[in-house]
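None of the values given here were measured: they were computed from a predicted structure.
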Amino acid sequence: MQSPPHATRPLLRAVMFAVGFAAAVVAVAALPARAADRDRLQAYLEVTGFGVALDSIALAAADAPVMLGLEASDFGHEWERVAGEVFDTGRMREMALDVLSETLDDEMLGHAAEFYASDLGQRLVAVENASHMREDDDAKRAEGLNLLTEMPEARREVLRDMNAAVDSAGTGVRAVQEIQVRFLLAASYAGVLEYDLDEQALRALMAEGEAELRAQIEASALANAAVTYASLPTEDLGAYVEALEHPVMARVYELMNAVQYEIMANRFEVLAARMVELQPAQEL
């Protein structure tokens, strides 16, 4: 499963990851039903690549200080330890399992399995998983922009359609705004900031910049897709778009996007509370 096409620069690492459903997803359905629901979901995380996508959220920790106008070094030598504890990959996977156990139904799982178990599904998963943990966002974006410059318009249009289908509910911009608001308010309440933030004023400020944010998100998503799917022919990507536009697949993506958004927002709030524990680094 491709990731939702949304990002601001501070959140780029976290929200531009691509989520892939592995062909081996059929193994999930082979596990005993009902009595092994949790086991089936655990296998689902492993065989679909969604677990790796959740793990990649941890890369967002490095960008948290940027949203405060600071650097990780400003929080002293304990920063990496605290960030690692908050964005613990095992904890994030457990959070996802808790939500999926209440929301992922057999129809959604079966429909996703049928597509991603195909030859095309396997090849999509391979390139998406390779994109998950690539950390150099600037280099990736530059590569994507170069590819777009030389790309036929027909292929660019397919990539745009793909990104639109991934976020058919149009929640990407609002989700990015909500993650930022929740983090900034949590930092303010915890005393990390030297000033208090007014939630209403902050949301009004976000609303004023929504059009610019949307344009930034679309540009980042297109560049990311250009790099991620560079090795696949346009015909395959067209078939992917058709699969993504199926109503059941749209439900799958809506759920996966929501899980990613909530876990990310939750972890940023917890990180804000923990940041106040850290002693600012002192220059010698």
>> Is there a side-chain contact between His111 and Arg251 in this structure, where contact means two heavy atoms from C-beta onward sitting under 4.5 Å apart?
In response: no
> In Å and rounded to the nearest 0.5 Å, what is the CD to CG distance from Gln260 to Leu54?
Replying inline: 6.5 Å
> Who are the salt bridge (Lys or Arg N to Asp or Glu O under 4.0 Å) partners of Asp88, not counting sequence neighbours?
Replying inline: none
>> Looking at every heavy atom in both Ala187 and Leu68, which two are closest together, and how far apart are they?
In response: CB-CD2, 4.0 Å
>> One pair to check against side chain to side chain contact (heavy atoms under 4.5 Å, CB included): Tyr240 and Val158. What are the steps and the verdict?
In response: CA-CA 9 Å; Tyr240 196 16; Val158 170; over 6 Å; no
> If you measure from the Lys or Arg side-chain nitrogens to the Asp or Glu carboxylate oxygens, is any gap between Glu143 and Lys140 under 4.0 Å?
Replying inline: no
>> Below 30° counts as parallel, above 60° as perpendicular, anything between as tilted: where do the rings of Phe87 and Phe268 land?
In response: perpendicular
> How close do Met264 and Ile57 get, heavy atom to heavy atom, and via which atoms?
Replying inline: CG-CG2, 4.2 Å
>> Tell me every residue that passes side chain to side chain contact (heavy atoms under 4.5 Å, CB included) with Leu255, counting only those two or more places apart in sequence or in another chain.
In response: Leu100, Thr103, Leu104, Met108, Val259
> Closest heavy-atom contact between Leu232 and Arg123?
Replying inline: CD2-NH1, 4.0 Å
Counting only pairs under 3.5 Å, give me each side-chain donor-acceptor contact of residues 190-197, with atom names and distances, residues two or more places apart or in other chains.
none

> At their closest point, which heavy atom of Leu147 faces which heavy atom of Ala230, and how far apart are they?
Replying inline: CD1-CB, 4.1 Å
> With the threshold set at 4.0 Å, does a side-chain nitrogen-carboxylate oxygen contact exist between Arg274 and Glu277?
Replying inline: yes
>> If I take atom CD from residue Glu208 and atom CG from residue Leu213, how far apart are they, to the nearest 0.5 angstrom?
In response: 13.5 Å
> Would you say the side-chain atoms of Gln177 pair up with the backbone N or O of Met206, donor to acceptor, closer than 3.5 Å?
Replying inline: yes
> Side chains of Glu254 and Asp167: does their closest heavy-atom pair fall under 4.5 Å?
Replying inline: no
> How long is the gap from CD1 on Ile179 to CD1 on Ile263, to the nearest 0.5 Å?
Replying inline: 11.0 Å
>> One pair to check against side chain to side chain contact (heavy atoms under 4.5 Å, CB included): Leu222 and Glu218. What are the steps and the verdict?
In response: CA-CA 6 Å; Leu222 192 60; Glu218 291 176 356; over 6 Å; no
> Has the side chain of Ser131 got a donor or acceptor atom that lies under 3.5 Å from a matching backbone atom of Glu128?
Replying inline: no
> What distance do Glu85 atom CD and Glu78 atom CD have between them, rounded to the nearest 0.5 Å?
Replying inline: 8.5 Å
> Considering residues at least two apart in sequence or located in another chain, which fulfil the side chain to side chain contact (heavy atoms under 4.5 Å, CB included) criterion with Pro233?
Replying inline: Glu235, Asp236
> Out of curiosity, Leu184 CG to Glu199 CD, how far, rounded to the nearest 0.5 Å?
Replying inline: 11.0 Å
> If only atom types and distance count, is the side chain of Thr228 paired as donor or acceptor with the main-chain N or O of Asn224 below 3.5 Å?
Replying inline: yes
> With Asp198, which residues qualify under side chain to side chain contact (heavy atoms under 4.5 Å, CB included), at least two apart?
Replying inline: Gln200, Ala201
> Near Glu157 CD, under 6.0 Å, is it more than 12 heavy atoms from other residues, nucleotides or ligands?
Replying inline: yes
>> If we ignore hydrogens and angles and just use 3.5 Å, is the side chain of Arg38 paired with the main-chain N or O of Ser101 as donor and acceptor?
In response: no
> What's the verdict on side chain to side chain contact (heavy atoms under 4.5 Å, CB included) for Tyr116 and Met249, showing C-alpha distance, side-chain angles and the deciding distance?
Replying inline: CA-CA 11 Å; Tyr116 286 102; Met249 190 71 85; 3.8 Å; yes
>> For Glu71, is there any backbone N or O sitting under 3.5 Å from a side-chain donor or acceptor partner on Asp74?
In response: yes
> Do you know the tightest heavy-atom contact between Gly144 and Ala226?
Replying inline: O-CB, 3.9 Å
>> Is any side-chain heavy atom of Pro65 closer than 4.5 Å to one of Trp79?
In response: yes
>> For residues 175-185, which residue pairs pass the salt bridge (charged side-chain N to carboxylate O under 4.0 Å, His left out) check, not counting sequence neighbours?
In response: Glu178-Arg203, Arg182-Glu262, Arg182-Glu269
>> Looking at every non-hydrogen atom in both residues, tell me the closest pair between Arg155 and Tyr229 and how far apart they are.
In response: NH2-O, 2.7 Å
> Would Arg174 and Glu210 count as a side chain to side chain contact (heavy atoms under 4.5 Å, CB included) if you check the C-alpha gap in whole Å, the side-chain angles of each, and the deciding distance to 0.1 Å?
Replying inline: CA-CA 9 Å; Arg174 294 191 298 275; Glu210 185 169 321; 5.6 Å; no
> From Leu148 CG over to Arg156 CZ, what is the distance, rounded to the nearest 0.5 angstrom?
Replying inline: 7.0 Å
> Taking the side chain from Ser118 and the backbone from Phe115, do they hold a donor-acceptor pair closer than 3.5 Å?
Replying inline: yes
